[in-house]
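Lettering of chains follows the sequences in order, A, B, ..., and the numbering in each one begins at 1. Computation of the quantities below employed the complete heavy-atom set of this structure, encompassing side-chain atoms and omitting hydrogens, waters and symmetry-equivalent molecules.
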2 protein chains.
Amino acid sequence: MNVIPVAMATGEFRCTAYSCRVAKQRQRLSRDTIVGCAVTLADAEGLDAVTIRRLAQENGVTPMAMYWHFNDKESLLDALAEHLLDNVVLPEPTDEPWDVQLRAILAAILAALRPHPAFAGLAMRRVLAAESGLLLAERTLGLLAEAGLEPRRAAEVATFLLCSVITLVASDPEGVAEPSEEKLRRKQADMQALSPARYPHVIAAAPDLVECRSGEGFFTHNLDLLVHGVRASR
Amino acid sequence: MNVIPVAMATGEFRCTAYSCRVAKQRQRLSRDTIVGCAVTLADAEGLDAVTIRRLAQENGVTPMAMYWHFNDKESLLDALAEHLLDNVVLPEPTDEPWDVQLRAILAAILAALRPHPAFAGLAMRRVLAAESGLLLAERTLGLLAEAGLEPRRAAEVATFLLCSVITLVASDPEGVAEPSEEKLRRKQADMQALSPARYPHVIAAAPDLVECRSGEGFFTHNLDLLVHGVRASR
DNA sequence: ACCTGAACACCGTTCAAGT
DNA sequence: ACCTGAACACCGTTCAAGT
């Protein structure tokens, strides 16, 4: 969290709790500072809060200033996606078996996305475009070839694996990091109020169903599931 | 496609190519007609085109009329999600082994979502709320218990499986059904222009990577991967 | 019960212009 | 090179009012 709460003296521009830059000495804007601001904003208030106008305001600048740094909002989102992919710390190739290495790669992606569930879903649009994304794809395809998959099948599996890992993080219905604790309890109560005759398993699993996404097991177990799936489906 | 193109005589309201209701005899609005309109609109122009104001216009009605039928846009999207889940034709329970039945359920979900890639992703938010979604969850949890998974693990896997199937459809970067053929070729060309030293596998797989999502194999093979994964990770 | 009118606080984006 | 001002065509939503 590189949020910088500031108590403003001058009223030069509105300075919210999530203001991303200090007012006194406003250095020049850059793509990176804007992306950084967008990241903290999305983390704190969800992707919907990431707005051209809001970003401008956070930086004490006119909305139109953004258009010098980005062509349009689409390319701003692209930059957010690439920020995620750039944060993936890809493990060096080893002489371990393909499945161990594949798991390590997927885990690395997971680790980079988990801090940002609000916009992890954006990563998908740049895996085959950004350099860091292509590197992931390259390594994944290589390992799948090593596993003995024919090319077409390797492409299908690689695409699916990357999407699945992203989904593992982004599937959370709430866009924001903290699903508010309150809503979760209500959801659980709703489920347990169902007809016990028709939904016995759902009722019994209600606490797990609402909680499991925030446990460590959800990620490790389902990564295992994926890798086992690849091995078994050859 | 229940799109009704109309050659308007009167100018009573603007009638686009995707107008969802005929002008001459405007019967009453209902949640169902609005949802139907939203579905064809999303299929044709993407989810972004589904707008309170646009829906009103398509139905020759004031934007505010929507607010009698839906509390807000969120609940409109909820209705879209439930429309998807309602279309799942759940296979009857049989005495086949659990994995065969599980695959059949996942395939049924897939079949319901595939016609609507633009908003298939919405399904996630209502699986544990809508009746038809809860039925899916119930059956899935039952089969996973039958497979011998402990409750917590079953909840994790069920959540992941449902998300993954949805992702299988919704992961397409383009929101619209037809990714425009033109862009696909450009994407493929971009990839094949990469450094052959650094990205040999990506370059070789370029055609497959851009095409594989529209082939039948992408879905059947990855469904198999998931089911195999469940079996192997017990 | 079902819909309209007017208004509010937001969006993304373009174009010309300033320094 | 970097940013502003004014304007345009959109959003979702509220509130009071009409039939």
Side-chain angles (χ1 to χ4, degrees), chain A residues 11-14 16 18 20-23 25-38 41-42 44-81 118-119 122 125 175, chain B residues 10-14 16 18 20-38 41-42 44-81 118-119 122 125 175:
Chain A
E12 192 191 342
F13 64 92
R14 228 186 101 213
T16 79
Y18 301 110
C20 299
R21 301 175 73 227
V22 198
Q25 43 183 20
R26 237 190 57 204
Q27 71 259 36
R28 277 262 216 38
L29 237 51
S30 72
R31 283 180 64 100
D32 283 341
T33 63
I34 295 174
V35 168
C37 187
L41 198 48
E45 305 183 29
L47 190 53
D48 285 347
V50 176
T51 264
I52 297 276
R53 294 179 114 102
R54 177 72 183 273
L55 286 173
Q57 170 186 304
E58 299 287 344
N59 291 90
V61 117
T62 294
M64 292 70 74
M66 299 290 128
Y67 287 91
W68 198 91
H69 300 276
F70 297 93
N71 285 330
D72 50 16
K73 194 176 181 188
E74 285 286 287
S75 47
L76 205 187
L77 296 180
D78 285 348
L80 266 180
F119 59 102
L122 294 178
R125 65 200 280 159
Chain B
T10 95
E12 193 191 344
F13 63 92
R14 229 185 99 215
T16 78
Y18 300 110
C20 300
R21 302 175 73 228
V22 198
K24 40 179 181 164
Q25 44 183 20
R26 238 188 58 206
Q27 72 258 36
R28 277 261 216 34
L29 236 52
S30 73
R31 284 179 65 99
D32 282 342
T33 63
I34 294 173
V35 168
C37 187
L41 198 49
E45 304 184 29
L47 190 53
D48 285 347
V50 176
T51 263
I52 296 275
R53 294 180 114 101
R54 177 72 186 274
L55 286 173
Q57 171 187 303
E58 298 287 345
N59 291 91
V61 118
T62 295
M64 291 70 74
M66 299 291 127
Y67 287 91
W68 199 90
H69 300 276
F70 296 94
N71 284 330
D72 50 17
K73 192 176 182 186
E74 284 285 287
S75 46
L76 205 185
L77 297 179
D78 285 349
L80 265 180
F119 59 103
L122 294 178
R125 67 201 278 158

Shortest non-hydrogen contact from B:Thr51 to B:Lys73?
->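 It is CA-NZ, 4.4 Å.
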
Work out which heavy atom in B:Cys37 is nearest to a heavy atom in B:Asn59; give both atom names and the distance.
->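 Looking at all heavy atoms of both residues, the shortest contact is SG-OD1, 3.7 Å.
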
Considering just the side-chain nitrogens and oxygens of A:His69, establish if one lies under 4.0 Å of OP1 or OP2 belonging to D:dA1.
->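 Indeed not, no polar side-chain atom of A:His69 lies that close.
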
Separation between [atom1] of [X] and [atom2] of [Y], rounded to the nearest 0.5 Å:
{"X": "A:Arg31", "Y": "A:Thr33", "atom1": "CZ", "atom2": "OG1", "answer": "11.0 Å"}
{"X": "A:Thr62", "Y": "A:Trp68", "atom1": "OG1", "atom2": "CH2", "answer": "16.0 Å"}
{"X": "B:Glu58", "Y": "B:Arg54", "atom1": "CD", "atom2": "CZ", "answer": "4.5 Å"}

Roughly, in whole Å, what's the span from [atom1] in [X] to [atom2] in [N]?
{"X": "A:Asp48", "N": "C:dC10", "atom1": "CG", "atom2": "P", "result": "15 Å"}
{"X": "B:Phe70", "N": "C:dC2", "atom1": "CZ", "atom2": "C1'", "result": "14 Å"}
{"X": "A:Arg31", "N": "D:dC2", "atom1": "CZ", "atom2": "P", "result": "13 Å"}

Secondary-structure string, 5' to 3', Watson-Crick or G-U under 3.5 Å, | for another-strand partners, for DNA chain C = ||.|||||...|||||.||

Please list, chain by chain and in numerical order, all residues satisfying side-chain contact (heavy atoms from CB on, under 4.5 Å) with B:Ala65, sequence neighbours excluded.
->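 Result, side-chain contact (heavy atoms from CB on, under 4.5 Å) vs B:Ala65: B:Val61.
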
Any residue meeting side-chain contact (heavy atoms from CB on, under 4.5 Å) with B:Asp72, in chain and number order, not counting sequence neighbours =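 Applying side-chain contact (heavy atoms from CB on, under 4.5 Å) to B:Asp72 gives B:Glu74, B:Ser75.
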
Assign a letter to each nucleotide of nucleotides 12-19 of chain C from its 5' end: B, base within under 4.0 Å of a protein heavy atom; S, sugar-phosphate only; -, no contact.
-> BBB-----

From A:Ile34, A:Val35, A:Leu55, A:Asp32, residue fulfilling side-chain contact (heavy atoms from CB on, under 4.5 Å) relative to A:His69 |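 Per the side-chain contact (heavy atoms from CB on, under 4.5 Å) rule, the option paired with A:His69 is A:Ile34, out of A:Ile34, A:Val35, A:Leu55, A:Asp32.
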
